[in-house]
Amino acid sequence: MTPSSPAKPAAAWQRAIRDCPDLIHLAPPVVHPESRLSDVVTTFSSDLGAGVVFVTDSEDRLVGWIPERALDSGLMITTLPGELWRSVGEFDTRELLRAAHGKEQTAGELMSAAKMVTGSASLKDAVITMAGGKHRAIALVDGRQRLLGYVIMFEILAQLLKANA
């Protein structure tokens, strides 16, 4: 490229997430560590597209998340009679111990470490992080780990497909 020629735009997959506002979901489903199972289920139901419920502290910092699969397991153990557990799958010791709390389980007990990126992360980095962890969504946080929203892998890939068409 000569000094007088215009710069080529970055490939679509190199764009920063913050430069793709149509991909960012700004109202993520959020609970706090002390939220009960019923509140977690209600919150999850309010935004099925996320596939997770985000858990934040009192300052909106992301402390974890509850993926749909973990919530499904918890609900199965809590709601199904014990004799049906083997019919629906194997549950590990941790899941069974959590289920002992039944409907009194809290988000803090159900959550695991959340995958997250900042707005400066590229679409490529977000997809790699989600694919590596087999997650459909990833949290979008600021420099202080405050939850800003989330992005969904399918939506990123669909936009990249359109950009390459």
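A quick note: this is a predicted structure, and the numbers were derived from the prediction, not measured. Below, each value reflects all heavy atoms present in this structure, side chains not excepted, and no hydrogens, waters or symmetry copies.
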Kindly indicate whether the side chain of Leu23, heavy atoms from C-beta on, has any atom under 4.5 Å from the side chain of Leu123.
yes
Is Ile66 reachable from Val41 through a run of I, L, V, M, F, W or Y residues, each pair having side-chain heavy atoms under 4.5 Å apart?
yes
So, do Leu140 and Ile17 sit near enough that their side-chain heavy atoms are less than 4.5 Å apart?
yes
Are Leu148 and Phe54 linked, directly or through intermediate hydrophobic residues, by side-chain heavy-atom contacts shorter than 4.5 Å (ILVMFWY only)?
no
Answer whether the closest heavy-atom distance between the side chains of Val151 and Ile138 falls below 4.5 Å.
yes
All heavy atoms of Arg18 vs all of Pro21, minimum pair found to be O-CD, 4.1 Å
What heavy-atom pair brings Ser35 and Val40 nearest, and what distance separates the two atoms?
O-CG2, 4.3 Å
Side chains of Thr106 and Arg36 in contact at under 4.5 Å (non-hydrogen atoms)
yes
Note: Pro33 and Val55 closest approach over all heavy atoms is N-CG1, 3.6 Å
Out of curiosity, Thr43 OG1 to His32 NE2, how far, rounded to the nearest 0.5 Å?
9.5 Å
Nearest 0.5 Å, what's the OG1-NZ distance between Thr129 and Lys124?
10.5 Å
With a 4.5 Å cut-off on side-chain heavy atoms, are Gln159 and Asp22 touching?
yes
Closest non-hydrogen atoms of Gly119 and Ala16, given as atom of the first, atom of the second and distance, are O-CB, 3.6 Å
Taking a hydrophobic cluster as the set of Ile, Leu, Val, Met, Phe, Trp and Tyr residues connected by side-chain heavy atoms closer than 4.5 Å, whether directly or through intermediates, do Leu161 and Phe154 fall within one such cluster?
no
When hydrophobic residues are tied together by side-chain contacts of less than 4.5 Å, even through go-betweens, does Val30 share a cluster with Leu26?
no
Gap separating the OG atom of Ser122 from the CD1 atom of Ile128, nearest 0.5 angstrom:
7.0 Å
Membership question, hydrophobic clusters at under 4.5 Å side-chain separation (ILVMFWY): are Met111 and Val53 in the same one?
yes
Test of understanding: with side chain to side chain contact (heavy atoms under 4.5 Å, CB included), list the residues that count as partners of Ala114, not counting sequence neighbours.
Leu62, Trp65
Euclidean distance, Met130 CE relative to Arg136 CZ, rounded to 0.5 Å:
10.5 Å
Restricting to side chain to side chain contact (heavy atoms under 4.5 Å, CB included), what partner residues turn up for Val127, sequence neighbours left out?
Met153, Ile156, Leu157
According to the side-chain hydrogen bond (donor to acceptor under 3.5 Å, both in side chains) rule, which pairs have a member within residues 142-156, sequence neighbours left out?
His25-Glu155, Asp47-Tyr150, Asp142-Arg146
